[in-house]
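Below, chain A is the first sequence line, B the second, and so on; all start at residue 1.
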Amino acid sequence: MEYNFKELEQKHRENWQKNNIYEVKEDKNKPKFYVLDMFPYPSGAGLHVGHPLGYIASDIYSRYKRLKGYNVLHPMGFDAFGLPAEQYAVQTGQHPAITAEINIKRYKEQLSKIGFSYDWSREVRTSDPNYYKWTQWTFLQMFHHWFNNKTQKAESIETLISEFKKNGNTQVNAACNDIPLFEAAVWNGMEDDEKDTILMNYRIAYRANTKVNWCPELGTVLANDEVKDGVSERGGYTVIQKDMMQWQLRVTAYAKRLLTGLDTLDWSDSLKEMQRNWIGRSEGAEMFFEIKDEDDKILVFTTRPDTIFGATFMVLAPESELVDKLTKVENTEEVDNYVKRAKNRTERERMADAENITGVFTGSYAVNPFTGKDIPIWVADYVLGGYGTGAIMAVPAHDSRDYAFAKQFNIEIIPVVEGGNIEKESYDAKTGKMINSDFLNGLDVKDAVINMIKEIETRHLGKRKVNYRLRDAIFSRQRYWGEPFPIYYKDGKTIPLKENELPLTLPEINDYKPTETGEPPLKRAKEWLYDGKYKYELSTMPGFAGSSAYYLRYMDPQNDKELVSKEANEYWQDVDLYIGGTEHAVGHLIYSRFWNKFLFDLGLIVKDEPFKKLVNQGMIQGRSNFVYRIKNSNKFVSYNLKQDFEVTEIHVDVNIVHNDILDIEAFKKWRSEYEDAEFILEDDGKYHCGYAVEKMSKSKYNVVNPDDIIEEYGADTLRLYEMFLGPLEQSKPWDTNGIEGVYRFLNKFWRLFFNNDGNFNLSDEEPTKEEQKIIHTLIKKVGEDIERFSFNTTVAAYMVCANDLAKLKCRKRDVLKNFLIVLSPFAPHISEELWQLSGNSGFVIDSGFPKFNAAYLIEDTLKYPVAFNGKTRFTLELPKDTEKAEIEKIVLSDERTKKRLEGKGIKKIIVVPGRMVNIVI
RNA sequence: GCCCGGAUGGCGGAAUUGGUAGACGCGCGGGACUUAAAAUCCCGUGUUCAGUAAUGAACGUGCCGGUUCGAUGCCGGCUCCGGGUACCA
C-alpha cells in the first residue's frame, strides 16, 4: 500500500471535524493549558509559506500537551477591522465587510488544509457586532474609571465624585491631566457641565486636545507605534504633528505596573528589553529655576541633578508655553520665526536634520539656584515639547547635545565631574568624582545625585521624580472600518451609551473616503443619530482595540451577558503559551497588558498578566533566484560563466527553478519576451541560477504558497519541513529544495508498517532490548525537545529512529505504536491513518503520550574519548562502573597511548569518570 | 549613537551544564536494482598534507588576546550581519 497522503489527509481532516475532536469545555478533572496564536489580519494576498510557521509550532505544542493529559484550549479567529480593507473600499466602493469576508474565507481554507487542532466553535472576529459589543463595553468601563496612584489601581469614577464632594481634589493623587486644585465647596457649586469637564481629566478613557501624528494621505491620526522613521508604518506616508481633540487611553497610569510586571513573565530578554525601552523609565529630579527680574519660573526634569553646578544655560522646546512669556520684545521676531519653522517641519525633516544645530536666544535669563549665576534661556528644537516638562537645564560639559549647542553658540562649559577631556567632547558617563561643585566636591556621581536631590527637597526647589517615555494611547481614528465609539454629544456634553444599548453598530455609508471638509467618513451617515437627535462620535477605534482582549473572549465566545464569565475565566485563567511575531512587541503586547490590568482591577478577571510565556517565531525569508542577461541581448549566461560578460541580474520565479537549475522550457513560457531567449550553459549542459536571501515578496518572484506544497507533498510534510528548517525563533530562508528529505522520511516511516509484499503487517513479538532502546531514546528526546521548543532537532530524532528501525527491519506493534504517537503532534494525518490501520480505537490525539522508561537506556559500557592536550585521538570502550584509577591504568597501557608518549613525559592526566580522559604531555 | 540578538562544511543547521565539533537533512560523487527511468537501497563527502592502499598527520566553530588539563560555549578587545530605538534631558 502506497503512502497516499492526499487521500488520507483529507479523510482524517473531515473525520476530525465530524467528531468535533478539537472542541473543548471547562473540565475541572483535568489541568488546563491555553495555547494562543496571534490571530491574523486576513489580507487579500492569502498565506505564504512563512505565515503558518508559528501556527504549526503552537499546534504541535497543543497536541503534545493534550497527549500529556491536559485540557488544551487552542482557538483561532480573525482581526478583521483595519486599514487595507478600508483602502480597498475607498478605491473600489466594495464594502470592507465583504472584502473581509472573502479574505477570511480564503484564510480559513488555507489554514484548514494544514490540519490544525483549532476549536473553531470558539472563533471570534473583531468586526462582528457580537464581538465588538465587548470592545465598546470595555471602553465604557474605562470611561467610568479613574486611576488612583495611591492604590495603583483603577477605581470607579463614583468614588472620585464623592471625594470631590467631601474634600475637593486636594487630597487626590490620580493619574490625570494638568488640573488646578479646588476645594469641596467649589466642586459643589459647579454646574453639571463644569463637573463633566473636570471629570474628563481623570477618566482612563478620556477626550482631550493633544499633539497627534497626523497622516494627511491616510486622513487619520496614528499611534506612536504605527509610525516608523517619521512615516506611517502602513503605506509609508508622511506624518506631521498636529493638535487635535482625540479620545485617549491613560496607558501611562499603568507605566509602573507594566514595567514591574515584565519581571514575572517568561518572555525573551530582547522582547522585554523592547518593552522597557518603550516604557522608558528614567529617574531624576524635577526642579524650578527662577527667572531673573520676573515672577515666572521654569520647571525642568533632569536625570543628572548632580551636575547643576555646570548648568550654564537653559533650553525651552519651541512648543513650550513659556516661550511667548519669556521672549523679550527685541527678540520676538527671531524667536517667532524659529518657532514657526520648527512647527511646520515634519517628524522626518526634523530627524534628517538632527546634526544641524539651531536655536535662538529669548533675551531672558534664569538664575542657577546653586551658583547664583544668571544663565541665558534659549529656544531650540532639540528639546521636545512632549517629554518631561518641555524645558531643560543644559550642562554642556556632561551632555553631548548641550555640548554641541554650547560650542555652536559660544556658551560657557564648566566641567563638574572628573574624567573626560571637555576640550574635545562632553563627558557623559555617570562615573567619576565631583569638582567645581561646592558641597558635592569629592563625591562619586552616584552619591552626588542622592545628596543633591536631598538638598533640592530641603530647599523646596523641587523633588525626586520618575519620568516615563510612554505616552497615553490615542484612541480615535478618522476612519470607517473600526468599532464606533459608544458615545454621543448632547448640548456640549459627552454622554456614554448605557450597557443595554450596546452594541452600537457601524452604519452603512456610500463612500468610504473622509469628507471634503476632512471629517471622518461616518459624517456621511446622516441618519445616524442617538434618539434621532444627537450626534455620535464620528471617529472609530484603532486596530489594537479589537485585539486587546480577544484572548479573554475565546474563553467564553458566545456569552452575551458578559465579556467572559467568572467560571470560564477562573478555569482558563491566562494564556500559558503565546506564539507570534515580534512586530507586535510594543503595540499589541503593551496595549493587551494594559487592557488586561484594567479588567483585573475591576475584579472581572483573575490574572494581572495575560501571557505567561511568549515565543516569537522568526521570519521566514525568501530565497530568490536570478538569471543573467547579457546586456543588449536576449541571451542568458549561466551563473559561473557570467564574469566574462556584462550582465543584468534578473529575478526569476523560484517555482521554475530546481536546486538552482533553471527549467529552460518553463522559463521560455514564463514571459513572452523570453520566448526566443538563448542560453550559454555550463559544462554539465545546465543553466545554473544565482540566489540571494531576501524578503519574501511578489516582486521578487520568491513567494511560495503552502497550498502548492500541500498539493505536491501533503500537509504532514509541510508541517515537518517548516519545523525542520531551523530553530523556531531564528530567521531563516525558505528553500523548497530540502523538502524531499522529510518527504522521504515520511515514506520510510510509512513503510515500517508494511511487509515486503506491501501489506499492512505488524508483529506482536516482544521488542528486543535494542529496539526498546531506540524507541525510548526517541520518547525521551521528543518530550524534552518539544518542551524547549527545539522542533528542528525533534524532526532529526524522528529520522534517526526511523533509520535505526528500518535497519533492524523492526515491525513490532509495541515499538511502532509508540513511534506513531510521539510523531503525531508533528504529522497528525499519517499518524492517525496508521493508528487506525493498527486496529486501535478512537483517535491518536487521545492515546496518551508514552511513558519513558529509563531502564532501557542504561548501558553496560561507556565510550571514553582519550584526548592528548585536549585533542581527542581515539576512543576506548570500558565497563560502566570502571574506577578512576582503573581507567587511568587501562589508558596508559594502551598501545596507542604508548605510541604517542614516545620520548615524552606525562605532565598530568585527567580522568573524569563517565566522561573522558585527557593526557597532558 | 545606544540596547538586544547572531556569525559553525557547498547550503539549512546539531552539539541541553566547559568534556569525541559537524547529529539530521539538502546538495554533490560513486555503486546496486532496472531494458531504461522513477522510486528504493548501499558507500563516500570539513580543509590541507603524506601514502598505491589500509591509514596517518596537521589545521579547523568571524578576528585578536586571555582563563582552563580541556573553550563553538566563559572573560577582555574588535569586525561584520540582523532587529529595536533615538535630539527622551
Side-chain angles (χ1 to χ4, degrees), chain A residues 2 228-229 268-278 280-282 284 300-304 307 315 317 350-351 353-355 357 380-384 386-395 398-402 404-405 428 467-469 582-583 585-586 616 618-619 621 623 659-660 691 693 720-721 724-727 729-742 744-745 747-748 751 781 784-785 787-788 790 792-800 803 806 863-875 907-912 914-921:
Chain A
E2 285 290 296
K228 293 257 147 77
D229 301 324
S268 73
D269 287 335
S270 74
L271 198 84
K272 287 192 198 179
E273 202 53 33
M274 268 191 236
Q275 291 221 338
R276 286 193 191 105
N277 289 339
W278 190 259
R281 181 181 194 273
S282 55
V300 300
F301 172 71
T302 175
T303 55
R304 294 296 302 275
T307 61
V315 188
R350 254 174 98 151
M351 276 182 208
D353 210 18
E355 319 80 70
I357 299 146
D381 63 4
Y382 80 90
V383 173
L384 306 176
Y387 182 77
T389 62
I392 62 160
M393 65 169 211
V395 184
H398 304 290
D399 181 287
S400 52
R401 294 150 304 173
D402 297 347
F405 195 84
D428 295 15
N467 235 321
Y468 293 94
R469 197 187 77 104
T582 75
E583 66 270 22
V586 292
N616 286 123
M619 281 257 293
Q621 296 146 310
R623 187 180 186 280
N659 291 324
D660 295 334
Y691 75 89
V693 172
L720 277 164
Y721 188 55
F724 191 52
L725 275 178
E729 300 194 56
Q730 193 174 300
S731 284
K732 59 243 165 194
W734 176 272
D735 182 359
T736 305
N737 292 328
I739 202 166
E740 296 281 348
V742 292
R744 277 176 206 145
F745 155 71
N747 276 286
K748 194 171 211 172
R751 283 195 305 270
K781 176 100 178 126
E784 287 169 354
D785 281 2
E787 296 278 2
R788 66 189 175 102
S790 179
N792 54 331
T793 54
T794 319
V795 178
Y798 293 141
M799 289 170 169
V800 170
N803 290 343
K863 249 191 199 171
Y864 279 89
V866 180
F868 292 81
N869 291 334
K871 296 218 176 273
T872 306
R873 294 307 176 188
F874 61 90
T875 61
K907 283 197 189 129
K908 202 170 176 182
I909 174 160
I910 292 111
V911 178
V912 185
R915 277 265 182 232
M916 47 71 67
V917 178
N918 189 18
I919 298 167
V920 188
I921 49 181

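Nearer to the 5' terminus of RNA chain B, by closest-nucleotide assignment, is the contact made by A:N737 (compared with the other of A:N737 and A:G388). Nearer to the 5' terminus of RNA chain B, by closest-nucleotide assignment, is the contact made by A:R751 (compared with the other of A:R751 and A:Y387).
Checked against side chain to side chain donor-acceptor pair (under 3.5 Å), A:Q275 has the following partners two or more places apart in sequence or in another chain: A:R593. A search for side chain to side chain donor-acceptor pair (under 3.5 Å) contacts involving A:T303 returns nothing, not counting sequence neighbours. Checked against ring pair (Phe, Tyr, Trp, His ring centres under 6.0 Å), A:F724 has no partners two or more places apart in sequence or in another chain. Annotation: side chain to side chain donor-acceptor pair (under 3.5 Å) contacts of A:Q730 (sequence neighbours excluded): none. Applying the salt bridge (charged side-chain N to carboxylate O under 4.0 Å, His left out) rule to A:E740 yields no partners; only residues at least two apart in sequence or on another chain are considered. With sequence neighbours excluded, no residue forms a ring pair (Phe, Tyr, Trp, His ring centres under 6.0 Å) with A:F745. Looking at residues two or more places apart in sequence or on another chain, you find no ring pair (Phe, Tyr, Trp, His ring centres under 6.0 Å) involving A:F868.
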Quiz item: What does nucleotides 1-11 of chain B look like as a protein-contact string, B for base, S for sugar-phosphate only, - for none, at under 4.0 angstrom between heavy atoms?
Solution: --SS------S
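Annotation: B:A53 and B:U48 have their P atoms spaced 16 Å apart (nearest Å). Nucleotides B:U52 and B:C41 are separated by 31 Å at their C1' atoms, to the nearest Å. For B:A7 and B:C87, the C1' atoms lie 33 Å apart once the distance is rounded to whole Å. Distance check on atom P: B:U72 versus B:A89 gives 41 Å, rounded to whole Å.
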Quiz item: Pairs counted as Watson-Crick or G-U wobble with both distances under 3.5 Å: what dot-bracket string results for RNA chain B, using | for bases tied to another strand?
Solution: (((((((..(((......[....)))((((((.......))))))(((((....)))))..(((((..]....))))))))))))....
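Between A:K748 and B:C41 there is a side-chain polar atom (N or O) within less than 4.0 angstrom of OP1 or OP2.
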